[in-house]
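Take a look at the structure below.
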2 protein chains.
Amino acid sequence: MARAATTSDAFNAVAEPRRRQILTYLAQRERPVGDIVIALSLDQPSVSKHLGVLRRVGLVRVRCDGRHRYYSTNAEAIRPLHEWTGTFERLWSRRLIRVKERAEKSFQSSESKSPNPIPKEES
Amino acid sequence: MARAATTSDAFNAVAEPRRRQILTYLAQRERPVGDIVIALSLDQPSVSKHLGVLRRVGLVRVRCDGRHRYYSTNAEAIRPLHEWTGTFERLWSRRLIRVKERAEKSFQSSESKSPNPIPKEES
DNA sequence: ATATTGCATTCTTATATGGGAATATGTCAA
DNA sequence: TTGACATATTCCCATATAAGAATGCAATAT
């Protein structure tokens, strides 16, 4: 099997730097494609294609008005990523605390040492 | 140009579902490769390759002991993703508030309407 | 010394890009 | 109608997988 499509989910769509820039830009307010082209110095077909990917995974919304198409970031779609990454938060925030803990205690709680099969998803 | 390498950064590395599962699994405690193979029902070469990607972008750490290699998640490397996604937090948390705001006020502040070039990075 | 165990690496292949160029589509203006 | 303007779509292509199979290799057990 090859790599999953960029349109398979938000994680894949957001892996592309340009698309992240676009999302950030469109977070301020909705913008027509032309503005993105100028603001990010990309050529129009590229922007349209990136927007296509973002749209398919629901990361952006479109509002048509005449020959203009106003895109805007749909933050809700980014939320799952924030939450998944957030599950590791305690690990990085505890780092400093651990140093202190080890200085005090020094016993090993022998938790389950078996490779207990993980649930279904990584969430 | 083709798609960026999965090893180019944490965003790309994490785009693969299996790698996310591995990170979640290794967040509990360090584990030898064999445990991951069993826990996630993947074949060993696959796991090794995924670990290779995760290692290159610093998402996991390795500790060698005899013929075993204990891998563990390095949460610090996930932090940037959490922070980037976090920049959109106000957008999704304000949704409910906006409904209320609109009900009260109903004026349009005409902010900058030009495609002001974006800084350098999307962070 | 040899077999076994625990992992990593190599090879192959079907598949999906992302950028550039060219073109198609749709809307508004004269 | 004709033309300009805003976007989308299609082609081509160099590149990078991810999974499966086979193999390499170091450490340990016998």
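Note that this is a predicted model, so its numbers are computed, not measured. Below, chain A is the first sequence line, B the second, and so on; all start at residue 1.
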Task: Separation of D:dA6 P from A:Y71 OH (nearest whole Å) - done: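 Answer to the nearest Å: 15 Å.
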I'd like to know if the side chain of [X] pairs up with that of [Y] as donor and acceptor (distance under 3.5 Å, no hydrogens or angles considered).
{"X": "B:S48", "Y": "B:Q44", "result": "yes"}
{"X": "B:Y25", "Y": "B:R31", "result": "yes"}
{"X": "A:R19", "Y": "A:H50", "result": "yes"}

TODO: Output all residues satisfying side chain to side chain contact (heavy atoms under 4.5 Å, CB included) with A:A4, sequence neighbours left out; order by chain, then residue number.
DONE: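 Listed in chain order: A:S8, A:N12.
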TODO: Decide if atom CZ of B:R56 counts as having more than 12 heavy atoms of other residues, nucleotides or ligands within a radius under 6.0 Å.
DONE: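 No - once you tally the heavy atoms of other residues, nucleotides and ligands closer than 6.0 Å, there are 12 at most.
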Open item on the list: For a 4.0 angstrom threshold against heavy atoms of chain B, report the outermost contacting nucleotides of DNA chain C in 5' to 3' order.
Closed with: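 Contacts span C:dT4 to C:dG19, reading 5' to 3'.
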Task: Sugar-phosphate or base contact per nucleotide [nucleotides 15-28 of chain D; S, B, -; heavy atom under 4.0 Å] - done: BSBBBBBB----BS
Open item on the list: Just to be sure I understand the rule, does B:Y70 reach a base, reach only the sugar-phosphate, or reach nothing, if contact means heavy atoms closer than 4.0 Å?
Closed with: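 Here B:Y70 touches no strand at all.
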Task: Value rounded to 0.5 Å, distance of CG in B:L51 from CG in B:L26 - done: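 Rounded to the nearest 0.5 Å, the CG-CG separation comes to 6.5 Å.
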TODO: Kindly compute the distance separating CZ (B:R55) from CZ (B:R69), expressed to the nearest 0.5 Å.
DONE: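 Reported value, rounded in 0.5 Å steps: 6.5 Å.
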- [ ] Return yes if some donor-acceptor pair links the side-chain N/O of A:S46 with the main-chain N/O of A:L42 below 3.5 Å, else return no.
- [x]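 Here the side-chain-to-backbone pair does not exist.
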